[in-house]
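Here the structure comes first, spelled out in structure tokens, and everything after it is commentary.
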Amino acid sequence: MAFGWIDEQAAARRRAGLVRSLRPRPADSPLLDLASNDYLGLARHPEVVAGAQEAARTWGGGATGSRLVTGTTELHTALEHELAAFCGFEAALVFSSGYAANLAAVTALAPHGSLIVSDAGNHASLIDGCRLARGTTQVVGHADPDAVRKALGTHDGPALAVSDTVFSVDGDAAPLAGLAEACREHGAGLVVDDAHGLGVLGAGGRGAPHAAGLAGADDVVVTVTLSKSLGSQGGAVLGPARVVEHLVNAARTFIFDTGLAPAAAGAALAALRLLGREPERAARAREVATGLHARLTAAGLEAVRPDAAVVSVRAPSPEEAVQWAADCRAAGLFVGCFRPPSVPDGISRLRLTARADLTEEQIERAVQVIGGARP
């Protein structure tokens, strides 16, 4: 029977407690949200919503084509210029998603004969970029510049190290300065995904590469998403102008994809300008994350110390993680639930995201619900 193997895989997922399902949320959900990536609380900010509305009124509902045909508007160009300037890079290129941006950066910068050195904890989009690239990929230990250095030393030719700046599962930060040093010793490029760093780390939220002194370097390329701290949708690649020009001509997820919808570009631009005026939002997100971790560990829970705005709480098993998250929802708290294969180490977790707009009362309530619902 066609697709009969799907039933076998579904049964295996059920036995392992790994079935996933969609839960549509209403616009006015009563749940306290510690599951979304809206780190700065901007997704519903009036200025961000107004930016989306004005863009839709001006440019319409869609970009109408690929960026190289009709999908590039003056709004896209303004967003690219301001995003590059904010993060300290020479140029930027906007994509329809952060996933597409990662695929573009890795595949277009790893030609035949090249070596890609990839961190074992990297996001799926970077992993897929490595799989699609024409170069050879070597996976190395998590957050280990010496392992990167050793891998690069085995190759004579173009090379690239690829890493998240803040890892999405546990929220730990990559040793960017050490990675850059290892790459420079071997003439390799460094591509880092700052999806969870932009808006949270660096001066005024300018990102982890800015905080590490790597912004604007001619051997560093950064990808970001517009769907987390900026409360919108889409992604971008930041780096030297010649790299961005190369992506325009070589990146398949740019050339053959419809441009980012104007409303998303308008929302992201409004959020970026708002962050520029209110840089304290970045520090507040970090403060909330630190407070969550302190209270959770004081309550006897095993929580990973956050380097940005992600707080991870270990669960005994996939089944218990799912039930824990469900019990939290029943008590009015929405938390993330990460299970294999989303977690590379096989340890299931509740994943909490700190938001700059959370009050102390909300933080305390969240800790009480999580502690009260523990398996």
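Looking at R365, its side chain does come within 3.5 Å of a backbone N or O of G332 through a donor-acceptor pair. Within the 3.5 Å criterion, the main-chain N or O of F338 finds no donor-acceptor partner in the side chain of R351. Under the 3.5 Å distance criterion, the side-chain polar atoms of H246 are matched with a main-chain donor or acceptor of A108. With hydrogens and angles ignored, the 3.5 Å screen pairs a side-chain donor or acceptor of H155 with a backbone N or O of P158. Between the side chain of N122 and the main chain of D164, a donor-acceptor pair closer than 3.5 Å is present. For D38 (side chain) and A43 (main-chain N/O), a donor-acceptor pair under 3.5 Å exists by modelled atom type.
Checking Y99 against H123 by side-chain atom types alone, no donor-acceptor pair falls below 3.5 Å. D357 and H45 form no side-chain donor-acceptor contact under 3.5 Å, judged by distance and modelled atom types alone. Side-chain atoms of T70 and T64 include a donor-acceptor pair closer than 3.5 Å.
Side chains of C87 and V222 form no contact here, defined as non-hydrogen atoms less than 4.5 Å apart. Annotation: side chain of L292 is in contact with side chain of L34 (closest heavy-atom distance under 4.5 Å). A heavy-atom distance below 4.5 Å is found between the side chains of L226 and L79. In this structure, the side chains of L32 and L358 come closer than 4.5 Å at one or more pairs of heavy atoms. Two residues are said to be in side-chain contact when any heavy atoms from C-beta on lie closer than 4.5 Å; T137 and R131 fail this criterion. By the 4.5 Å heavy-atom criterion applied to side chains, D194 and L238 are not counted as neighbours. Using a 4.5 Å heavy-atom cutoff, the side chains of S163 and L179 are in contact.
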Trace of the side-chain contact (heavy atoms from CB on, under 4.5 Å) decision for R355 with Y39: CA-CA 4 Å; R355 295 204 326 268; Y39 297 134; 5.7 Å; no

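Sorted by first then second residue, the side-chain hydrogen bond (donor to acceptor under 3.5 Å, both in side chains) pairs that include residues 213-222, not counting sequence neighbours, are R184-D219. Sequence neighbours left out, the pairs with a member in residues 5-32 that pass side-chain hydrogen bond (donor to acceptor under 3.5 Å, both in side chains) are R20-S342. For residues 44-69, the set of pairs meeting the salt bridge (Lys or Arg N to Asp or Glu O under 4.0 Å) definition, not counting sequence neighbours, comprises E47-R277, E54-R57, R67-E80. Sequence neighbours left out, the pairs with a member in residues 134-161 that pass salt bridge (Lys or Arg N to Asp or Glu O under 4.0 Å) are D146-R149, R149-E185. Evaluation of the salt bridge (Lys or Arg N to Asp or Glu O under 4.0 Å) test over residues 224-243, restricted to residues two or more places apart or in two chains, returns none.
Rounding to the nearest 0.5 angstrom, the gap separating the CG atom in L269 from the CG atom in L274 is 11.5 Å. How far CG of L176 is from NE2 of H210: 13.5 Å, rounded to the nearest 0.5 Å. Note: T290 OG1 to R295 CZ = 11.5 Å, rounded to the nearest 0.5 Å. Distance CG/L40 to CD/E278: 10.0 Å, rounded to 0.5 Å. With rounding to the nearest 0.5 angstrom, the CG atom of L103 is 7.5 Å from the OG atom of S97.
Linking ILVMFWY side-chain heavy atoms closer than 4.5 Å, directly or via other members, places V221 and F95 in a single hydrophobic cluster. Taken together through direct or relayed side-chain contacts under 4.5 Å among Ile, Leu, Val, Met, Phe, Trp and Tyr, L93 and L68 form part of one hydrophobic cluster. V237 and V192 fall into different hydrophobic clusters, where Ile, Leu, Val, Met, Phe, Trp and Tyr residues are linked whenever their side-chain heavy atoms come under 4.5 Å apart, directly or through other members. By the rule that hydrophobic residues join a cluster once side-chain heavy atoms approach within less than 4.5 Å of another member, L350 and F334 end up as members of separate clusters. In the hydrophobic clustering of this structure, V243 does not group with V94; members are Ile, Leu, Val, Met, Phe, Trp, Tyr whose side-chain heavy atoms approach within less than 4.5 Å, directly or through other members.
Under the salt bridge (Lys or Arg N to Asp or Glu O under 4.0 Å) criterion, E82 pairs with R273, sequence neighbours left out. Checked against salt bridge (Lys or Arg N to Asp or Glu O under 4.0 Å), R284 has the following partners two or more places apart in sequence or in another chain: E287, E360.
Clustering of Ile, Leu, Val, Met, Phe, Trp and Tyr by side-chain heavy atoms under 4.5 Å joins I127 with none of the others.
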Give the table of side-chain donor-acceptor pairs shorter than 3.5 Å for residues 247-264, with sequence neighbours excluded, one pair per line with atom names and distance.
residue, atom, partner, partner atom, Å
N249, ND2, E245, O, 2.8
T253, OG1, A100, O, 2.9
D257, OD2, S96, OG, 2.3

Donor-acceptor pairs under 3.5 Å, side chain of residues 197-206 to any protein atom, not counting sequence neighbours: which ones?
residue, atom, partner, partner atom, Å
R206, NE, F86, O, 3.2
R206, NH1, A203, O, 3.0

Review item, side-chain donor-acceptor pairs of residues 318-326, under 3.5 Å, at least two apart:
residue, atom, partner, partner atom, Å
E320, OE1, S317, OG, 2.9
Q323, NE2, D327, OD1, 2.8
W324, NE1, I370, O, 3.1

Compile the donor-acceptor pairs under 3.5 Å between side chains in residues 296-312 and protein atoms, sequence neighbours left out, one pair per line.
residue, atom, partner, partner atom, Å
T297, OG1, H293, O, 2.9
T297, OG1, A294, O, 3.0
D307, OD2, A173, N, 2.7
S312, OG, D170, OD1, 2.9
S312, OG, R349, NE, 3.3

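Residue V106 forms a side chain to side chain contact (heavy atoms under 4.5 Å, CB included) with just one option from S118, S125, C130, and that option is C130.
G266 and L75 make their closest contact through N-CD2, 3.6 Å (heavy atoms, listed as atom of the first residue, atom of the second, distance). Taking every heavy atom of both residues into account, A151 and V140 meet most closely at CB-CG1, 4.0 Å. Taking each heavy atom of A120 and V139 in turn, the nearest pair found is CA-CG1, 3.7 Å. S227 and T225 make their closest contact through OG-OG1, 2.6 Å (heavy atoms, listed as atom of the first residue, atom of the second, distance). Annotation for A91 and V244: closest pair CB-CG2, 3.7 Å, computed over non-hydrogen atoms. Across every non-hydrogen atom of T223 and A105, the tightest pair is CG2-CB, 3.8 Å.
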